[in-house]
Number of protein chains: 2
Amino acid sequence: MREALVAAAFQLFLERGYEQTTVDDIVALAGVGRRSFFRYFPSKEDVVFPDHERCLADMTAFLAAGGEEHEPLARVCDAARLVLRMYTENPAFSVQRYRLTKQVPGLRAYELSVVWRYERAFAEYLRGRFADRPDGTLRADVVAAAVVAAHNNALRSWLRSDGEGDATEAVDRALGYVQSAFGEPAPAPPAEEPEDVVVVVSRRGAPLWRVVREIESTLARTGPSPN
Amino acid sequence: MREALVAAAFQLFLERGYEQTTVDDIVALAGVGRRSFFRYFPSKEDVVFPDHERCLADMTAFLAAGGEEHEPLARVCDAARLVLRMYTENPAFSVQRYRLTKQVPGLRAYELSVVWRYERAFAEYLRGRFADRPDGTLRADVVAAAVVAAHNNALRSWLRSDGEGDATEAVDRALGYVQSAFGEPAPAPPAEEPEDVVVVVSRRGAPLWRVVREIESTLARTGPSPN
DNA sequence: GGCCGAATGGCACTCAGTACCCTCCGATCG
DNA sequence: CGATCGGAGGGTACTGAGTGCCATTCGGCC
């Protein structure tokens, strides 16, 4: 029944457009009563995102299940990959929906509220894990936003290409950037054999970013970057 | 007229709640025709955010006006401070609105779409400035999201405290965190007199974050952190 | 005084969403 | 075997947001 309604809705949305399709049109095509539509979908927008509620529940469960042994940032990145999988499981549907939401302002607004709930789930989890750090809630909010932005950047680029190419790889790249910007990279690098020693000299009082840049260029001169 | 409508709307929203107030109630109290309401505000939600349209225009103008001489990240942070000023110019109004949006889901969704437009403006600007960097659009999107998240974190904490305390200082702290995470800090630190030299030794091949942590602890031992 | 254009008010309409009640159907129990 | 009960679906009427259209009014202008 849910699926019948979703199928009817998308058929009409694609041939007439979202706003030109009324709920009455959908239920007429699906051959069910108008009241039933609102039993399955609280609003007309919901029929466009039929799987996000379940995905959000899965994601919060995933985060709640993870113990202290996981790096917080890596755990959140894995949770984001869960969302990506929902999209890649059904590329054709995802691409259609993307085209729809891109051009209907009302759907874009609705999608924002969905994405916001994912971001809040990330932030809540990170707030818990960062409770002992200074500015824990700030870090949590910023990191959550960065992860969501990176994920969406890669996802949207994949959707724009009609589902061609490797979405997973693109998202990994994007999340890798976030991990390189914030703290420790995900799979705690298995302490490789130290091969060499590099000495970095910096003036005390210089800003940290300059020190880091110096290190990076020194490493680049003397050997492959460990990053 | 706009102000009369806003005043009437907020009076009713505060005494009955947002959803219990109809547009007819508002126009009756303001003594104007129902049709006029929708001439000034495209939707009922818009009356809650009467100044964002102007602020958004100011902000895009501010970003468009900035030349190459500004650090991109610092410029975006300054743009965010522009938004903050809109809130702090009218603390009582901002706090009332915050309480309203916090408990009305429809208003929260609308606020998200407003915030999203700010974030898009940031991202578009940064995409232009990062056009030559590798992964420029990714960096732009992630940095824009981080700036917005940091700004909102500080702003919301100020709003929760009923407008007590220094919002500017809190936002500066939050934006400072973002600037420390991404590239060069804003006001290029005026090359202070080097007083001392510190030598850091690290094994080559160790992950960069470990090197940085080593530097931080070394600096903490030998003198005040430059960060 | 007549004229014009912009701002406003009024009316009627569409459509999303809700409250309430009805029917149908299968299962369970006396 | 028949009565009952509960849940899924259907129907009707209502509220309220948002829109299109037209009448009115008011200010300046010729």
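Throughout, a chain's letter reflects where its sequence line sits, starting with A, and its residues are numbered from 1. The model shown is predicted, which means the values in this text are computed figures rather than measured ones. All heavy atoms count here, side chains included; hydrogens, waters and symmetry mates do not.
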(request) Please list, chain by chain and in numerical order, all residues satisfying ring-ring contact (aromatic ring centres under 6.0 Å, His included) with B/Y98, sequence neighbours excluded. (result) none

(message) Looking at B/S36, I'd like to know whether one of its side-chain N or O atoms comes within less than 4.0 Å of OP1 or OP2 on C/dT8.
(response) no

List, one per line, each side-chain donor-acceptor pair under 3.5 Å for residues 86-97 of chain B, sequence neighbours excluded.
{"unit_1": "B/Y87", "atom_1": "OH", "unit_2": "B/H52", "atom_2": "NE2", "d": "3.3"}
{"unit_1": "B/T88", "atom_1": "OG1", "unit_2": "B/L84", "atom_2": "O", "d": "3.3"}
{"unit_1": "B/T88", "atom_1": "OG1", "unit_2": "B/R85", "atom_2": "O", "d": "3.1"}
{"unit_1": "B/S94", "atom_1": "OG", "unit_2": "B/Y87", "atom_2": "O", "d": "2.9"}
{"unit_1": "B/S94", "atom_1": "OG", "unit_2": "B/N90", "atom_2": "O", "d": "3.1"}
{"unit_1": "B/R97", "atom_1": "NH1", "unit_2": "B/V48", "atom_2": "O", "d": "3.1"}
{"unit_1": "B/R97", "atom_1": "NH1", "unit_2": "B/D51", "atom_2": "OD1", "d": "3.4"}

(message) Which residues pass the ring-ring contact (aromatic ring centres under 6.0 Å, His included) test with A/Y40, not counting sequence neighbours?
(response) none

Under 3.5 Å between N/O atoms: give me all the protein pairs with nucleotides 4-6 of chain C, atom names plus distance.
none

(request) Sequence neighbours left out, what passes side chain to side chain contact (heavy atoms under 4.5 Å, CB included) with B/E169? Give chain and number order. (result) B/D166

Anything under 3.5 Å between a donor and an acceptor, one on a side chain of residues 134-149 of chain B, the other on a protein residue two or more places apart or in another chain? List them.
{"unit_1": "B/D135", "atom_1": "OD1", "unit_2": "A/R173", "atom_2": "NH2", "d": "2.9"}
{"unit_1": "B/D135", "atom_1": "OD2", "unit_2": "A/R173", "atom_2": "NH2", "d": "2.4"}
{"unit_1": "B/D141", "atom_1": "OD1", "unit_2": "B/R127", "atom_2": "NE", "d": "3.2"}
{"unit_1": "B/D141", "atom_1": "OD1", "unit_2": "B/R127", "atom_2": "NH2", "d": "3.2"}
{"unit_1": "B/D141", "atom_1": "OD2", "unit_2": "A/N153", "atom_2": "ND2", "d": "2.8"}
{"unit_1": "B/D141", "atom_1": "OD2", "unit_2": "B/R127", "atom_2": "NH2", "d": "2.9"}

(request) Grab the CZ-C1' distance between B/R2 and C/dA7 for me, whole Å please. (result) 16 Å

Which atoms of nucleotides 22-27 of chain C (N or O only) lie under 3.5 Å from a protein N or O atom, and what are those distances?
none

(message) Test of understanding: with ring-ring contact (aromatic ring centres under 6.0 Å, His included), list the residues that count as partners of A/F62, not counting sequence neighbours.
(response) none

(message) Determine whether B/K44 and B/F38 satisfy the following criterion, side chain to side chain contact (heavy atoms under 4.5 Å, CB included), listing intermediate values before the conclusion.
(response) CA-CA 8 Å; B/K44 187 184 169 189; B/F38 290 104; 5.6 Å; no

(message) Looking at C/dA7, I'd like to know if its phosphate oxygens (OP1 or OP2) sit under 4.0 Å from a side-chain N or O belonging to B/Y40.
(response) no

(message) In whole Å, I'd like the distance from the CE atom of A/M1 to the P atom of D/dA8.
(response) 12 Å

(request) Go through the structure and list residues passing side chain to side chain contact (heavy atoms under 4.5 Å, CB included) with B/A121, not counting sequence neighbours. (result) B/M59, B/T60

(request) Rounded to the nearest angstrom, tell me the gap between atom CD1 in B/I26 and atom C1' in D/dG18. (result) 14 Å

(request) List for me each residue that meets salt bridge (Lys or Arg N to Asp or Glu O under 4.0 Å) alongside B/D58, sequence neighbours excluded, and say none if there are none. (result) B/R54

(message) Expressed as a whole number of angstroms, how long is the span from B/L107:CG to D/dA17:P?
(response) 12 Å

(request) Measure from the ring center of B/Y118 to the ring center of B/F122 and say whether it is less than 6.0 Å. (result) no

(message) Run the ring-ring contact (aromatic ring centres under 6.0 Å, His included) test against A/Y125 and tell me which residues pass, sequence neighbours left out.
(response) none

Taking only nitrogen or oxygen atoms into account, show me every contact under 3.5 Å that the protein makes with nucleotides 15-19 of chain C, one pair per line with its distance.
{"unit_1": "C/dA16", "atom_1": "OP1", "unit_2": "A/K44", "atom_2": "NZ", "d": "3.4"}
{"unit_1": "C/dA16", "atom_1": "OP2", "unit_2": "A/V23", "atom_2": "N", "d": "3.3"}
{"unit_1": "C/dG17", "atom_1": "OP2", "unit_2": "A/K44", "atom_2": "N", "d": "2.7"}
{"unit_1": "C/dG17", "atom_1": "N7", "unit_2": "A/R34", "atom_2": "NH2", "d": "2.3"}
{"unit_1": "C/dG17", "atom_1": "O6", "unit_2": "A/R34", "atom_2": "NH2", "d": "3.3"}
{"unit_1": "C/dA19", "atom_1": "N6", "unit_2": "A/R35", "atom_2": "NE", "d": "3.2"}

